[in-house]
Amino acid sequence: MHILVTNDDGIESPGLWHLAGALRAAGLGTVTIIAPDQERSGAGTSVPPQLEGDLVPVPPLAPQFEGIDAWASTGTPTSCVTVAMLEVVSPRADVVVSGINLGLNTGGNVTISGTVGAAMAGSLWGVPGLAVSVDFERGAPVAWETAAWAAAQLFPLLSRFGQHGGRHPLVWNVNVPNAPSPAAVRGFRQTDLAEVFYGTVLRVGEVRPNSRNGHRIRFAFDRDRLPRDVAPQLDYGAIQAGYVSVTLLAPVSVHPAPALNAALETLGVAP
């Protein structure tokens, strides 16, 4: 099995390398890294206006990752998946594993996440995807190894539960609590998306003139405004309770609604 590991935090993110290293150490397949050459957070499933870019081989981030073939791309996370699926520098990927993202991707934030977007792009190419994110506290160590362990635990289940109605493989959106070790994780839970959106904790930090007679706006995140006591069957609530959250996503339409069909038929048609 050929595993593509990518992210939206960039080729130099420790989470990317910890993820690739854990998958290789578990003997789950051949691992290739193709990741953006700089941070592309919030890129979603976007691609550059022109489908072209540079690929540069990069050395391992640390000695323990020696032997993992890695490339930096000037494109977005979805561009990296495209490179892998079209076999530019490696055999076609059988699965896309994206992360480890620094910070959770829960609730409505999955619609803009480059981490989730890369896995979603893999699904459109016909391969299952695993998007992995980890919670963190500023100034504290990041639980990279715990998140990498969680990904390696979940990976074997993709072959059993990775399809959805024969249309597109599923994307598993995995969020990991800020646990210092796997022993501190309470377990794994399948969850639904919570009503969490980054805009609810966003505020305007500064507005000042710019050189074009307009405004330069700086936004700031206020983590103290994050929701509390979210139900544990929802992704953000499971994280608060100390569980690894697994939410199944797919880039497919919902089932037709008969009531909507009936309402549409009553609308006028322009001559």
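Atom set for the values below is all heavy atoms of this structure, side chains included, hydrogens, waters and symmetry mates excluded. Here, residue 1 is the first one in the sequence, and each next residue gets the next number.
- Note that CZ of F136 is 4.5 Å distant from CG of L102, once rounded to the nearest 0.5 Å.
- Around atom CG of D229, no more than 12 heavy atoms belonging to other residues, nucleotides or ligands sit under 6.0 Å away.
- The 12-atom threshold is not exceeded at CZ of R212, counting heavy atoms of other residues, nucleotides or ligands nearer than 6.0 Å.
- Sparse packing is recorded around CD of E145, with 12 or fewer heavy atoms of other residues, nucleotides or ligands lying under 6.0 Å away.
- Other residues, nucleotides and ligands place no more than 12 heavy atoms under 6.0 Å from the CD atom of E137.
- Connectivity analysis of hydrophobic side chains (ILVMFWY, heavy atoms under 4.5 Å, direct or indirect) links W71 to L4, I34, L55, V81, V83, M85, L86, V88, V89, V96, W125, V127.
- For CZ of R216, the number of neighbouring non-hydrogen atoms (other residues, nucleotides, ligands) closer than 6.0 Å is 12 at most.
- The backbone N or O of A263 lies less than 3.5 Å from a partner atom in the side chain of T266, making a donor-acceptor pair.
- The side-chain heavy atoms of Y243 and V185, taken from C-beta on, include no pair separated by under 4.5 Å.
- A 4.5 Å side-chain heavy-atom check between I100 and S133 finds every atom pair outside the cut-off.
- In this structure, the side chains of Q38 and R40 come closer than 4.5 Å at one or more pairs of heavy atoms.
- A side-chain donor from one of S245 and T191 sits under 3.5 Å from a side-chain acceptor of the other.
- Around CD of E87, the count of heavy atoms belonging to other residues, nucleotides or ligands within 6.0 Å exceeds 12.
- Contacts of Q233 classified as side chain to side chain donor-acceptor pair (under 3.5 Å), with partners at least two apart in sequence or in another chain: none.
- Using cut-offs of 30° and 60° on the angle between ring planes, the pair F188 and W149 is tilted.
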- Message: Walk me through whether F219 and V204 qualify under side chain to side chain contact (heavy atoms under 4.5 Å, CB included).
- Response: CA-CA 5 Å; F219 297 100; V204 177; 4.0 Å; yes

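- Follow the hydrophobic side-chain contacts under 4.5 Å out from I3 and you reach I68 in the same cluster.
- None of T6, D8, I33 except one satisfies the side-chain contact (heavy atoms from CB on, under 4.5 Å) rule with C80; the exception is T6.
- Put simply, the side chain of V5 reaches to within 4.5 Å of the side chain of L23, judged on heavy atoms.
- Among the candidates N175, L193, N173, the single residue satisfying the side-chain contact (heavy atoms from CB on, under 4.5 Å) test with T106 is N175.
- Here the side chains of P141 and P180 are not in contact, with every heavy-atom distance at 4.5 Å or above.
- Side-chain contact between V116 and S98 is absent, with no heavy-atom pair separated by less than 4.5 Å.
- T76 contributes a side-chain N or O that, together with a main-chain N or O of S46, makes up a donor-acceptor pair within less than 3.5 Å.
- Put simply, the side chain of L234 reaches to within 4.5 Å of the side chain of D192, judged on heavy atoms.
- When the side chains of ILVMFWY residues are joined at heavy-atom separations under 4.5 Å, either directly or via intervening members, L28 and F161 end up in a single hydrophobic cluster.
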